[in-house]
Amino acid sequence: MSPLTHPLLTAFRASKPAFGAWLTLPGFLAARTAAAASPHLSWVIIDCEHGAIALQPGAAEAAHAIAGLGAHAPSALVRIPATGACADGSAGWQIKYVLDAGAKGVLVPMVSTRAQAEAVVAAARFPPRGVRGFGSPFTHLAWGLDAGAYLAQANDAVLVLVQIETRAGVDNLDDILAVDGLDGVFIGPYDLSLALGYPAPSPDPHPDVEKVIQSILAAAHSKGKKCAMYCTSGAQAAERAKQGFDMINIGSDSGAISESLSRNAAIAAGADDAKKDFGY
């Protein structure tokens, strides 16, 4: 049996930067269209925290729509609504939902302690490495294999990421990074900036926040973990790749629609007022 893999996991194993996009809009066709937009996308995040995508059945519909593009489709991960403060076990059902939906990984926001990170990892791994339950008739279909093969390999193929975006998360970073089974940390520059007392990036973080971001990157790599970063443009993402980030967002579906319509409408009208608004 060949090892189970997917584009983001392949990039992680090869230590190559992996570019991806944020999905905020609901619907089978919205997810499929965004995922098929470029061969340079290794992953997409189905955002059930701040996006308009329902955890159930929205995440499952999006994950299966993307999987239907074939073996080289971007890895579909889901950001759950529950934050790290709920990782005492009450977020476990959300992690179960999205992994049963066929997601290639889970992203949990605002994780601030080692105990929270341990609970997240446990919820995402089958025994004996965790407490995830088995029984969905749909999961393996999104992976393109039978249920037995999925159960045998899921613990090594499903990616578990937590967001570092609170002051406590920064303070407890070394303990969080020491959690076995955690694949990496994802920096949320908006909430991190606010938590540290600075304005949100527009488009780049405050220099003091940037120092913290670079320290998170260095700490993650020193512990053998991957480090991901949210960006809002290809140019910004390219710069983060040069800095050594492993997983870099290039924009969002809603942002791309808004930016493209604004630019083209301005061109048609002979105006020069096209601009990218603040936000995702």
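From a predicted model like this one, the values you see are computed outputs, not experimental measurements. Residue numbers run from 1 in the order of the sequence given.
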Run the side chain to side chain contact (heavy atoms under 4.5 Å, CB included) test on D208 and L196 for me, step by step, so that the C-alpha distance in whole Å, both residues' side-chain angles and the decisive distance to 0.1 Å come before the verdict.
CA-CA 9 Å; D208 290 345; L196 297 177; over 6 Å; no

How would you list all residue pairs meeting salt bridge (charged side-chain N to carboxylate O under 4.0 Å, His left out) that involve residues 216-245, not counting sequence neighbours?
E210-R240

Interatomic distance, CG@L23 vs CZ@R32, rounded to 0.5 Å, equals 13.5 Å

Please round to the nearest 0.5 Å and tell me the distance separating atom OG of S42 and atom CG of L9.
11.5 Å

Euclidean distance, S233 OG relative to D204 CG, rounded to 0.5 Å:
8.0 Å

Does a donor on one side chain and an acceptor on the other come within less than 3.5 Å for T24 and D253?
yes

Could you see if F138 belongs to whatever hydrophobic cluster contains V78? Use Ile, Leu, Val, Met, Phe, Trp, Tyr and a side-chain cutoff under 4.5 Å.
no

For S193, side-chain hydrogen bond (donor to acceptor under 3.5 Å, both in side chains) partners two or more places apart
none

Return the set of residues passing side-chain hydrogen bond (donor to acceptor under 3.5 Å, both in side chains) with E49 (not counting sequence neighbours), or none when no residue passes.
R79

Determine, using the 4.5 Å side-chain heavy-atom cutoff (strictly less than), whether W93 and V121 are members of one ILVMFWY cluster.
yes

In the hydrophobic clustering that connects Ile, Leu, Val, Met, Phe, Trp and Tyr at side-chain heavy-atom distances below 4.5 Å, which members other than M110 occupy its cluster, ordered by chain and number?
none

Can you find a pair of side-chain heavy atoms, one from L192 and one from P189, that are under 4.5 Å apart?
no

Using a 4.5 Å side-chain heavy-atom cut-off and chaining through intermediate ILVMFWY residues, the residues clustered with L29 come out as F28

Are L77 and L141 connected into the same hydrophobic cluster when the rule is that any two of I, L, V, M, F, W, Y join if their side-chain heavy atoms are below 4.5 Å apart?
no

Restricting to non-hydrogen atoms, name the atom on I53 and the atom on G58 that form the minimum distance, rounded to 0.1 Å.
CG2-C, 3.8 Å

Cluster companions of L25 among Ile, Leu, Val, Met, Phe, Trp, Tyr (side-chain spacing under 4.5 Å):
I257, L261

Once you round to the nearest 0.5 Å, how far does CD1 of I216 lie from CD1 of I187?
4.0 Å

Going by heavy atoms in the side chains, are E165 and Y190 under 4.5 Å from each other?
no

Could you tell me whether the side chain of Q116 reaches within less than 4.5 Å of the side chain of V108, counting heavy atoms only?
no

Pairs of donor and acceptor atoms involving the side chains of residues 168-176, under 3.5 Å and at least two apart or interchain, shall be tabulated with distances.
| from | atom 1 | to | atom 2 | distance (Å) |
| --- | --- | --- | --- | --- |
| N172 | ND2 | S112 | O | 2.8 |
| N172 | ND2 | A168 | O | 3.1 |

Could you state whether L151 and W143 fall into the same hydrophobic cluster, counting links through intermediate Ile, Leu, Val, Met, Phe, Trp or Tyr residues with side-chain heavy atoms under 4.5 angstrom apart?
yes

Atom of A63, atom of I46 and distance for their closest heavy-atom approach
N-CD1, 3.8 Å

Do the side chains of V179 and V120 get nearer than 4.5 Å, heavy atoms only?
no

How long is the span from the CG atom in D191 to the CD atom in Q163, to the nearest 0.5 Å?
8.0 Å

Quick one: are I80 and C48 in side-chain contact, heavy atoms under 4.5 Å?
no

Using distance only, find each side-chain donor-acceptor pair of residues 98-107 under 3.5 Å and give its atom names and separation, not counting sequence neighbours.
| from | atom 1 | to | atom 2 | distance (Å) |
| --- | --- | --- | --- | --- |
| D100 | OD1 | R132 | NH2 | 3.4 |
| K104 | NZ | A142 | O | 3.2 |

According to a hydrophobic-cluster definition based on side-chain heavy atoms being under 4.5 Å apart (Ile, Leu, Val, Met, Phe, Trp, Tyr only), do L194 and V209 belong together?
no

Please enumerate all residues that pass side-chain hydrogen bond (donor to acceptor under 3.5 Å, both in side chains) together with D146, with sequence neighbours excluded.
none

From H72 NE2 over to L41 CG, what is the distance, rounded to the nearest 0.5 angstrom?
15.0 Å

What residues, two or more places apart in sequence or in another chain, satisfy side-chain hydrogen bond (donor to acceptor under 3.5 Å, both in side chains) together with T5?
T10

Can you give me the closest heavy-atom contact between G244 and L217, atom names plus distance?
O-CD1, 3.9 Å

For R125, does its backbone N or O pair with a side-chain atom of N155 as donor and acceptor, under 3.5 Å?
no

Check: A228 main-chain N/O paired with D246 side-chain donor or acceptor under 3.5 Å
no

For Y230 and T232, work out which heavy atoms get closest and say how close.
CE2-CG2, 3.7 Å

For residues 148-161, the salt bridge (charged side-chain N to carboxylate O under 4.0 Å, His left out) pairs (sequence neighbours left out) are R129-D156

Is there a side chain to side chain contact (heavy atoms under 4.5 Å, CB included) between F245 and I213? Walk through the geometry before answering.
CA-CA 10 Å; F245 283 89; I213 288 171; 3.7 Å; yes

Please walk me through it: do H140 and Y150 pass ring-ring contact (aromatic ring centres under 6.0 Å, His included)?
CA-CA 6 Å; H140 62 283; Y150 175 77; 7.8 Å; no

Quick check against the 3.5 Å criterion: does Q236 have a side-chain atom that pairs as donor or acceptor with the backbone of P203?
yes

W22 and D47 side chains, donor-acceptor separation under 3.5 Å:
yes

Those residues that, when tested against F19, pass ring-ring contact (aromatic ring centres under 6.0 Å, His included) (two or more places apart)
none

Considering all heavy atoms, the nearest A73-P7 contact
O-CG, 3.2 Å

If you apply the rule ring-ring contact (aromatic ring centres under 6.0 Å, His included), what do you find for W43 with H6, and how did you get there?
CA-CA 9 Å; W43 57 272; H6 49 89; over 10 Å; no

So which atom in L159 and which in D183 form the shortest heavy-atom distance, rounded to 0.1 Å?
CA-OD2, 3.3 Å

Apply side chain to side chain contact (heavy atoms under 4.5 Å, CB included) to M247 and L161, showing your working.
CA-CA 11 Å; M247 178 182 179; L161 304 167; 3.7 Å; yes

